[in-house]
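Remarks on the structure that follows.
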Amino acid sequence: MFPEQLLLHKRARVVALLQNKCKQTPKKRGDAEFLLSLVSENRFILTALYELCWHVIQGNLKVDVAASLLADVMELRDDMPSILADVFCILDIETGCLEEKHKRDHFTQLVGACLICVPDGMLKERLDPETLESLGLIKQAQQFNQKIVYECRSDQDEFFIPLIKSYMCEHQTLCHMLGFKFKFHQEPNGETPSSLYHIAAALLQHNLIALEDLYVHLLPLDSSIVEEHKRAILEAKQIARKLTMVLVPSEKTEDKEKEKEKEEEKNEKPPDNQKLGLLEALLRIGDWQHAQSIMDQMPAFYATSHKDIAIALCQLLHLIVEPLYRRAAVPKGAKGRLMMPLWNKQAPRPAESFDDLSRDVFTMLCYLGPHLSHDPILFAKIVRLGKSFMKEYQSESRQDTKDKMDSLLSCFLSIADQVLLPSLSLMECNACMSEELWGFFKLFPYQHRYRLYGQWKNETYGNHPLLVKIKAQTVDRAKYIMKRLTKENVKPSGRQIGKLSHSNPTILFDYILSQIQWYDNLITPVVDSLKYLTSLNYDVLAYCIIEALANPEKEKMKHDDTTISSWLQSLASLCGAVFRKYPIELAGLLQYVTNQLKAGKSFDLLILKEVVQKMAGIEITDEMTVEQLEAMTGGEQLKAEGGYFGQIRNTKKSSQRLKDALLDHELALPLCLLMAQQRNGVVFSEGGEKHLKLVGKLYDQCHDTLVQFGGFLASNLSTEDYIKRVPSVDVLCNQFHTPHDAAFFLSRPMYAHQILSKYDELKKAEKGNRQQQKVHKYIAACEQIMAPVHEAVVSLHLPRVWDDLRPQFYATFWSLTMYDLAVPHNAYDREVNKLKMQIKAIDENTEMPLNKKKKEKERCTALQDKLQEEEKKQLEHVQRVLHRLKLEKDNWLLAKSTKNETITKFLQLCIFPRCVFSAIDAVYCARFVELVHQQKTPNFCTLLCYDRVFSDIIYTVASCTENESRRYGRFLCCMLETVTRWHSDRAIYEKECGNYPGFLTIFRASGFDGGNKADQLDYENFRHVVHKWHYKLTKASVHCLETGEYTHIRNILIVLTKILPWYPKVLNLGQALECRVHKICQEEKEKRPDLYALAMGYSGQLKGRKVHMVPENEFHQKEQPVRSATPGTLQNGPGNTGKPAAAASAGKAEEGAVEDSGSKEKDDKEKTTKEKKEKKEKNPGSTPEAKAGGKDKQKEEKPTDSKEKTPKADKDKRKDDKKEEKSKIDGKSAEKEWSKERDVSNDSKTKEGSKVEKNAGAGSMKSLVPRSEGAESERGETHHPNHSTVLPKSKEKDDEKKESDKSRDRSKEREKKEDRKDRKRVSGSVPDHFSHLQHGRLKSPKRRKDENGMSSSKHSKSASPSESPHSNDKDNSKRSKSTSKDKSDLAKPEKTSGGKKVCDCVLFYLYNLHRSYLGLRCQTNP
C-alpha cells in the first residue's frame, strides 16, 4: 500500500473510531491502543477533531454526544484545549461564510457545549467577536473590537513594550487611549481590570507616557481623598470619645443602632479608587519613583492604610533588603525562604550594605509607617538589620568611620519612632515581635529608648485614625481588667494584662499608674500580675513610672503643705516592689533622682529610699526596738536576721542589679554627695516658704536616705570599688563641701576595709598564730592606714581646736563604730535560739514533706553556724580594737587648756553631731564616752561631760528635727542607763568610778590627774549630782512643754518617751511632768492632734512607770530639816523649787569658816595681781554680755533657793491650783517681755559675733555651767567678812543664824585646814554646780546661791581664789541691796514655772552654743 493510501486509511479509521465512540465505547482493546498511538501526532488529532466537529455541523452527529466525546479526548494531552480552540477558529471562519443558517447554529451550539473543555480566554483570543457575543462571552462585539491586544496578554511585557516603542511615536495618543479606557470603567459599580493597571504601570515605568498626563484621567479627585481622610480621623476620635464617656442605657441602644447603620453603609461596595489601583500596580513591578509621586499627592499614610498597597510595598521591601539580610542579619540556625529579585531593570537595586539602606529602604519604610504591621516577617527583618548595625556600630573603633555611621544611627532611630513602634501597636498580641524589638532597643542607651517611648505614648497615637481607635480600645479594656483585679484572681488578670501590653504598653501602664496613685491597695496585686510582660514592656513600665513622677501638673505636697502627697508615696512603693521583683533597668530612675537633687528638690528621695529598702533589704527607721538595735551592732548576718522589722530575703540578685546600675553609670558617689549637701539645702534653699513641719520631714528623709544608701554601698561594694570611688575625708569636706558627719560616714567603711586588708597582708607576710602577734600587727595596720587620716583632719577645723583634742582622738572617734566597741552576745544568742526553735518546730511538723524538712533544717543549721562564726570573728576584732585604744589613750587629750574647754570641744565636734546622725551612732556616742572613762583617759572629766549633757537640753531639743529627736533621746537614754547603774549600788560605783580620773573634783589645766581620796567624788555626793541632773531634765522638759511651740513640744515628748526607762525616777519630778503633760493633752486635743497623740502616749507610759519611782529621800540621802515648821516644802522640783533647810544650816557652818579665813585671802591678793591681769585679758567672761549673763543666771537660779524658808511656802503649797491657773497668763506676759529683750539682743548679734565665737568653750553665758574662773571667783568672794549682809533680815534669818553658829563652832578648825590646802592648789576652773564638791561633800544650796549672788557680776575678773578683791563699802551695799531685793522677790509666789523668765542674753548665748554643738545652721528661734 502506498503512503498516500496509508494516510487516507488511517484518517478514515480515526473518523470511524470517533464516530463509533460517539455511538458506543470501542470494545476492542486494539482499537483503543491504536487511538493512543495516534494522539501524539498533532496533525492527525487536528484533522480528526475537525472531521468530528464537521459531522456535528452537518447534522450527522448530535451535539451532546460530540461534546461528551470531546470532553473525554481533552484528558489525553495538556494542549488538547488549545488544539480544539484552533479547530473552532477554523470552523468559525468557514461557517461564517456559509449561507446555511442551520449549520451556523449547529456550530454555535457545539462551542457552547464545549465551554467546559476550553477556557474563555482561548475562545476570546480565537473566535470572532460576533460569535463571542452570541455565546454570551462578551457584552458587545463593537466594544470588544476596541480592546488592546496587550491587555489580553499583560504578562508579556518583554514582547509588547518594544513593539509599542517601535510603532507608537506619539506618547499623548497612547495616554489618551489609556485615559479613555480608565474613563469607561468609572461608571457606578464599575471595576477597573487589573490588567489595565498593569499596562499603565509598565508604560509609566518605561516612560512611554507621563504620570501628570494620565493622573488627570483617574478618579477620585485629590480633594475627595483629603475629605475622606479627615472624615476617618473625625470618626476615630468620636469612637474614642464614646468609649471614655459614661452613657445612660437608652443612649447606649441608640448608639448601637447608629453604629449598625454605619457598618451597613461601609459594607456597601465603595467606588473604585483608580489612583490606588495604579499605585499598587507600580509597586508590584518595582516602579518606586512614580509610586512615591502618587503617594505624595495624598495625605500621610492614606495610601498605605489600604492593605493591598501596604502589602505591595512590603513585598518590594522584601526584595530590596534580601541580600543584606542574608549576609548580616539571619540568626544562627534560621533558614527562611529565599526570595527571587525583580527581573525588571528599572526596579530599585537590592541593598548589599547598610549604606545602601539609606538609598530607598528608609524612605519606603517611612511611607509605610504603622502599616508595617501587615507583614510581621518584614518587621522582624528590619529589626534584625538594626540589631546587626548597632553591634557593628558599637564595635567600630575608628572615629571617622563612626562619624559616618552616625547618620545611619539617626535613621534607624527615626524608623523605630515612626514605623516599628506604631506598627507594634497595630499587631494583636505578638509577644515574639516585642521581644525581637527589645533585642534591638536594648543596644541603645536608656536616654534614646525613653525618648522613643515618649514619642510613642504622647504623639504617635494622635497621628493615625487607626491608632486613635486602638488607644481608646486599649483604655477601655484596661478599665475592664483593673475593675476586676484582686489578690485572688491575679493569675488570669495578669494574663490579660500581658496580652494587652504586648501591643500597647504605654497606654496600659499609664492607666494602671493612674489607678495606683488613687488606690494604693492595688500595688500588691498589680505587681504580682506583671509577671507575663515582655522585656520591652518592663522597660516601658520604667519610663512610664518616671514620667508619672515628673508630672509637672501634680503637686508633691498635700493641700496642708505639711506632708508629702499620697500619690508620690504610692508610686515610690510601687517602684521598690516592681524593680525588686522584675529585671528592669534602674539607670533611668536613679538618674532622675540625681537630677532632682541637682535641681535642689528632695521630694523624690522617697523613691530612692524605697528602692534601696526593697532591693537591698536595708531598712531605715528610728522606731527600732532595743533588740533590733542591739542586733544592728553585730555583723551583716546578724543584721539581716534580727535587725530589721521585715525579714527581706532573697535580695542577693536585686542588690547586685542595683549595685551594677550605680557603678556602670557612675552614680554612687554623686548621689551621696548630693544628699549630704541637700540636707542643708532643704533648710536654706528648698524650705524657704514651706511649713516648718514639712521642712523637718524633708530633712529627715534626706538624711535617712543618705544613711540607708551609704549603708548599702558599704555592705555591697568591694573594697577596691569603694576606695576607687570615695575620696578621702579632707577632699570630701574641702572640695565637695560635704558636712563633716556625712564625710566621715562615707569614709568610715573605707578605713575599715583598708585596715582589714592591711592586717591580712601583714599576717600573710609574717606567719604567727599567737594572739599577741596578731594584735601588734593589727595596731601596725591601723597606724599605717590612719596616719594620713590624722594629717587630713587637721585642715577641717581651726588650729586652736587642736590645742585640746588631738587629731588622732578626733579621727579615732569618727572612724569607729559600735561593731568595734562591743559584741552583742545577747543578740547572737537570741537569734541562735530562734533557729534552734525553728529546727525543733520543723522536726515536730508531721505535715511537711521529708525533702522540704531536710532543706529547711539545712538552711537553719547553716545560718546558725554563720552566726556563731560571725560572733567569734567580731569578738576577736573587738579585743584588738580595745587593745589599740588602750595604747592610744594617753595621747588623746592635751592639757593646754582647762578640762572645761576640752569637754566643750569634744561635745561640740564629736558627740553632738554624731549622736543625732543615726540610732546606732546615738548608742555609739554614749558607749564611747563610757569607754573613754573606763580607759582612764588623762584630762578627760567624765563628771563634767555628763553634767554638760544633762544640765540643759532645751536648745538641743529645739534644734532637732523629729527623727533627730528620737536619736537624741536614745543617746540620753544610754547615758542615763550608765548613770543609773552607777547610782544604783555603791559597790558598782566604787568599782567603775571610785578611783577613776574622770570623777576628780579638781579641774585644772595640768596633765596630772592623780589625787588623793579627798579629790574624788564620793558615792553620796554622786547621788546628789544625779538628782540635780534629773531635776535639770525636768526643768528643761517643763520649759519646752510650756512654750506652746510645736517643735519644742513634739521634740521633748519624743525625747521623754525615749528616756522613759531611766527617767523620771524621783516621784515628785514624775508628778510635775505628769501634770504638765496632762495639760498638754487638754490644750492640744482639738488644735494639734499629732501633739495630742504623742502626749497621750507618753502620759499612759508614764503612769505605768509610777510603780518604779521612789521618793526623793530614797533617791539621794537628804539631811533632816532644822525647823519643823516647813516639812511640806522639802520636795525639790520645777513646780516646787525649795531646797532642804538642813542644807542651808550646813552652808552657814561653812560660811563661818570662810569668814575666819577671809583675812588670809586678803594677804594673798597682792601676790596674784600680775596673774589676775593676764587672766583678765584672756577671760571672755568679762564682756558686758557675760556680766549680764551672770546676773541672769543668778535670777534664773534664785527661784530654786528655798521657798520653804519663808512662811509663804506653806500657803503656796495650799494654793497650787490657783498658781497653775495664773501661770498661763503670767507666762504669756513673760514671753512678751522676753521677746522685747531678745529683739534688742538680736540687734547687737553681729557686733558680738566674734565674742560668741571665743566663748564657745567657756563661760556661764553658753550653758548652765559657768566658766571655771567664775567658780574660783565665787570661792574667793565668799570669804569676805561682809558676806553675811546678803542674808535676809527676817526672824527666820536670825533663827537660822543661831543654828549655823553652833555648827560653825564644831567645824571651824577643820574648815581652816582644808581652806589652806585649797589655797595652795593651782588655780583651775570649777563650774558653779561643781563648786560645792570642793571638800568631798555638798555645800548647802543656799550658800551656792549666795555665792552666785555675790560673785556672778564680777566673777569674770578674778582668775583664782587669791585674786578676789577686798570689796569696799559701796560694793557691799550694792551687793546687799541686790541680794535682799532678790530675796524679797523670792518671797513672792512664783507665777511662772520652768524658767519662763530666763534673760535674753543667756538664751541668746546658750542657743548659739548648742547650735554649734550640733553643727546645725538652721535659723530656728528658741
Between [X] and [Y] (side chain of the first, backbone of the second, donor and acceptor by atom type, cut-off under 3.5 Å), is there such a pair?
X	Y	result
Gln515	Met482	no
Asn595	Gln591	yes
Ser503	Leu426	no
Ser388	Ala328	yes
Thr304	Tyr367	yes
His198	Ser194	no
Ser425	Asn504	no

Mind checking whether [X] and [Y] have side chains closer than 4.5 Å, heavy atoms only?
X	Y	value
Leu409	Phe444	yes
Leu368	Phe301	no
Gln289	Asp287	yes
Leu541	Pro505	no
Met405	Phe354	no
Leu536	Leu424	yes
Ser423	Met433	no
Gln455	Gln418	no

Inset, instruction - Would you kindly check if the NZ (Lys) or CZ (Arg) of Arg449 is within the cone defined by 45 degrees around the ring axis of Tyr453 and under 6.0 Å from the six-membered ring centre? - result: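 No - Arg449 does not lie over the ring of Tyr453 by the 6.0 Å and 45° rule.
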Legend entry - Candidate pair Lys554 and Gln517, rule side-chain hydrogen bond (donor to acceptor under 3.5 Å, both in side chains), full reasoning: CA-CA 11 Å; Lys554 305 209 82 170; Gln517 291 173 53; 2.8 Å; yes
Legend entry - Ring centre gap for Trp456 and Tyr543 strictly below 6.0 Å: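 No, the ring centres sit 6.0 Å or more apart.
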Legend entry - Validation row, ring centre Tyr538 to ring centre Phe509 under 6.0 Å: no
Legend entry - Audit row: Arg451, Asp417, salt bridge (charged side-chain N to carboxylate O under 4.0 Å, His left out) steps and yes/no: CA-CA 9 Å; Arg451 176 67 185 274; Asp417 177 26; over 6 Å; no
Minimum-distance pair of heavy atoms, taken over all atoms of [X] and [Y]:
X	Y	value
Asp406	Tyr393	OD1-OH, 2.7 Å
Ile320	Pro348	CD1-CB, 3.8 Å
Tyr446	Gly588	CE1-CA, 3.6 Å
Asp375	Cys314	OD2-CB, 3.5 Å
Pro350	Arg359	O-NH2, 3.6 Å
Asn273	Tyr197	O-OH, 4.0 Å

Inset, instruction - May I ask you to decide if the ring planes of Phe412 and Phe440 are parallel, tilted or perpendicular, using 30° and 60° as cut-offs? - result: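 Rings of Phe412 and Phe440: perpendicular, as their planes differ by over 60°.
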Inset, instruction - Assign the ring pair Tyr302 / His306 to parallel, tilted or perpendicular, where the plane angle (0 to 90°) is split at 30° and 60°. - result: perpendicular
Working to the nearest 0.5 angstrom, can you tell me the gap between [X] [atom1] and [Y] [atom2]?
X	Y	atom1	atom2	value
Leu378	Leu365	CG	CG	6.5 Å
Asp604	Gln596	CG	CD	4.5 Å
Leu485	Gln496	CG	CD	9.5 Å
Asp510	Thr474	CG	OG1	11.5 Å
Ser565	Leu571	OG	CG	10.5 Å
Ile294	Leu282	CD1	CG	5.0 Å

Does the distance from a Lys or Arg side-chain N to an Asp or Glu carboxylate O, for [X] and [Y], drop under 4.0 Å?
X	Y	result
Lys387	Glu436	yes
Lys469	Glu235	no
Arg231	Glu227	no
Lys404	Asp355	no

Legend entry - Arg484 atom CZ, neighbour heavy-atom count above 12 within 6.0 Å: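 Atom CZ in Arg484 is crowded, with more than 12 foreign heavy atoms closer than 6.0 Å.
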Inset, instruction - Would you indicate whether Leu234, at its atom CG, is surrounded by more than 12 heavy atoms from other residues, nucleotides or ligands within a distance under 6.0 Å? - result: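 More than 12 within 6.0 Å, yes.
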Inset, instruction - Go through the steps for His229 and Ile233 under the test side chain to side chain contact (heavy atoms under 4.5 Å, CB included), then give the verdict. - result: CA-CA 6 Å; His229 181 67; Ile233 292 178; 3.5 Å; yes
Inset, instruction - Apply the test side-chain hydrogen bond (donor to acceptor under 3.5 Å, both in side chains) to residues Asp296 and Gln292: give CA-CA distance (whole Å), side-chain angles for both, the deciding distance (0.1 Å), then the verdict. - result: CA-CA 6 Å; Asp296 289 337; Gln292 186 178 0; 4.6 Å; no
Inset, instruction - Please say which of Leu211, Ile199, Leu178 ends up in a side chain to side chain contact (heavy atoms under 4.5 Å, CB included) with Leu204. - result: Leu211
Legend entry - Among Gln186, Lys183, His176, side chain to side chain contact (heavy atoms under 4.5 Å, CB included) partner for His217: His176
Inset, instruction - Please report the C-alpha distance between Val383 and Phe441 in whole Å, then the side-chain angles of each, then the deciding distance to 0.1 Å, and finally whether the side chain to side chain contact (heavy atoms under 4.5 Å, CB included) criterion is met. - result: CA-CA 9 Å; Val383 169; Phe441 276 13; over 6 Å; no
Inset, instruction - Step by step, work out the side chain to side chain contact (heavy atoms under 4.5 Å, CB included) result for Glu547 and Asn458. - result: CA-CA 11 Å; Glu547 189 186 51; Asn458 301 316; 3.1 Å; yes
Legend entry - Side chains of Tyr582 and Asn537, donor plus acceptor under 3.5 Å: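 Short answer, no.
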Inset, instruction - Just do the side chain to side chain contact (heavy atoms under 4.5 Å, CB included) check on Leu467 and Lys471 with the steps written out, would you? - result: CA-CA 6 Å; Leu467 290 175; Lys471 179 179 179 179; over 6 Å; no
